[in-house]
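Everything on this sheet refers to the single structure shown next.
In what follows, chains are A, B, ... by sequence order, proteins preceding strands, each numbered from 1. The figures here come from the full heavy-atom set of this structure, side chains too, leaving out hydrogens, waters and symmetry mates.
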Amino acid sequence: MRKESLRFFDVTHIYHTVRAETTAAEHLSFSVNEGEFVAIIGPSGCGKTTLLSLAAGLLEPSGGEVMRCGSCGYMLQKDELFPWRTIEKNIVIPLEIKRQNTPEHRERAKALAVKYGLGDFLQSYPSQLSGGMRQRAALIRTLATDPDILLLDEPFSALDYQTRLNVTEDVSKIIRSEGKTALLITHDISEAISLADRVLVLSERPAHVAYTHTLDFGELTNPLKRREAPGFSGWFELLWKELNG
Amino acid sequence: MKNELVKKYSEEHLRFLKRRKNHLLFVWSLRIGILVLLFGIWELTTALGWVDAFIVSSPSRIFGTIASLYEDGSLFYHVGVTLWETLAGFAIAVGLGVFIALALWWSNTLREVLEPYIVVINALPKIALGPMIIIWFGTGSEAILCMTVLVGIIIAILHMLSAFIATDKNKILLLRSMGASKAQILIKLVIPSSLPSFISMLKVAVGMAWIGSIMGEYIVSRAGLGYLIVYGGQVFRLDLVMSATLILCVLAAGMYFLVVLLEKILVKSAEH
């Protein structure tokens, strides 16, 4: 049995506003194994982002327990690159924050950028890059501190369709080849199927895991190839029904 | 070589550049033309005695007044006094304003507690505090400095605070997910992303500083351009009033352009 990287154990989370309290999650339990790519899909407004904030340790659960082995890297919908910094200076932000801004760490981050096709853009500013390249830079920034778990909050939803397919492919390749554990949150069923080893379907609020599926694509990890695979539409229909049923 | 350079652009583009240049030339000649025309009519109508130069003064009398102020050494004295009050007041208002805005950004509780006070002080016409300032700070430059700071600081605080608060929430979330402390968020994100607002605040604050210093000199002063204007009005010397006003125009415009220059330098260094 593989080691667990992240574990939610009977997690409950309540949001408080002056007018009301909202239970965002209740009896939420699941785990992500080391090296595994897990996608979570759920109806809109079911508290997906809350779940990632809990996983990243930005929120403390009201009840239950969140266990994390190792550090987290968070990737958001938009690239959130700082426009006043070059790409090179952007990807070392996490090193600066964690006070690991040593020459070796910087070189490692730069080497990653070069390896994944950003070498020519290191001295460019984000505004000079296309949306796809920017999101790739955001991923390199996330990987700069060599986190153990990647938390992806709909990282492709702000891109146009063409770019989205390309970036999904890029990101999948990078995450697989770096052997990272990843937890992806998305409302896009086909994205979840094309990327993940396992898909969790959340219920309506208060969120808990309604269904879990281990996808049977075997060694096929390329997102575009998966979209063409014979099993794809079957999974899509099943998940669609579960999500809307 | 030269031919090659010219060849890089198409005929159409060269025509476009020429049109653009001609247009700029036209705009500038009109700008200067209006000024020359206004002063010309002013000078002519007073010289011919159509309007009374005692009431409206005239360009030649203004330059004469400025020249005599220069000769008796009081020109640079009065300009210096006003300039010092304005610049010092501007610097204190901006510096203290940014510092207070940072403190209010840092502590939500402090912000909530002080909010009504700031709103009231902002709404209050500062000139109402004139008598108090005279009694507390006397009739010298300190009183005027105090007025200048009062007029400028609230705007500086409110402007910067709203810029700090408007910092992209997702970028803050991103830094927090990296484990950033509040100080790191402030230094790495909030301050650099507020730079454009800082510059626009400077532009507003320059205007406020002039309002503050001249208003202060109106209320209480023994020197400065505001003093010359008030004094000139009291003794019915319109030449003096107009001269001081003209100098004020030049100084205020100069200071504004310095801020614009600073903006260009900052934007350039931020980008490259």
Under 4.5 Å, heavy atom to heavy atom: which of residues 83-109 of chain B reach chain A? Give them by number, or say none.
-> none

Would one find more than 12 heavy atoms of other residues, nucleotides or ligands at under 6.0 Å from atom NZ of B/Lys264?
-> no

At a heavy-atom separation under 4.5 Å, does B/Ser193 approach chain A through its side chain, its backbone, both, or neither?
-> both

Taking heavy atoms only and a threshold strictly under 4.5 Å, list by residue number the residues of residues 93-115 of chain A that touch chain B; give 'none' if the list is empty.
-> A/Ile93, A/Pro94, A/Glu96, A/Ile97, A/Lys98, A/Arg99

For B/His13, does the NE2 atom sit with more than 12 other heavy atoms under 6.0 Å from it, leaving out its own atoms?
-> yes

More than 12 heavy atoms of other groups within 6.0 Å of B/Lys203 NZ | yes

Results of ring-ring contact (aromatic ring centres under 6.0 Å, His included) for A/Phe8 - residues two or more places apart only | A/Phe30

Heavy atoms from other residues, nucleotides or ligands near CZ of B/Arg176 exceed 12 (cutoff 6.0 Å) | no

So what's closer than 4.5 Å to chain B heavy atoms on A/Leu76: side chain, backbone, both or neither?
-> side chain

Residues of residues 161-175 of chain B contacting chain A, heavy-atom criterion under 4.5 Å, by residue number = B/Asp168, B/Asn170, B/Lys171, B/Leu173, B/Leu174, B/Leu175

Checking heavy atoms, do the side chain of A/Leu81, its backbone, both or neither come under 4.5 Å from chain B?
-> backbone

When you look at CZ of B/Arg20, are more than 12 heavy atoms from neighbouring residues, nucleotides or ligands closer to it than 6.0 Å?
-> no

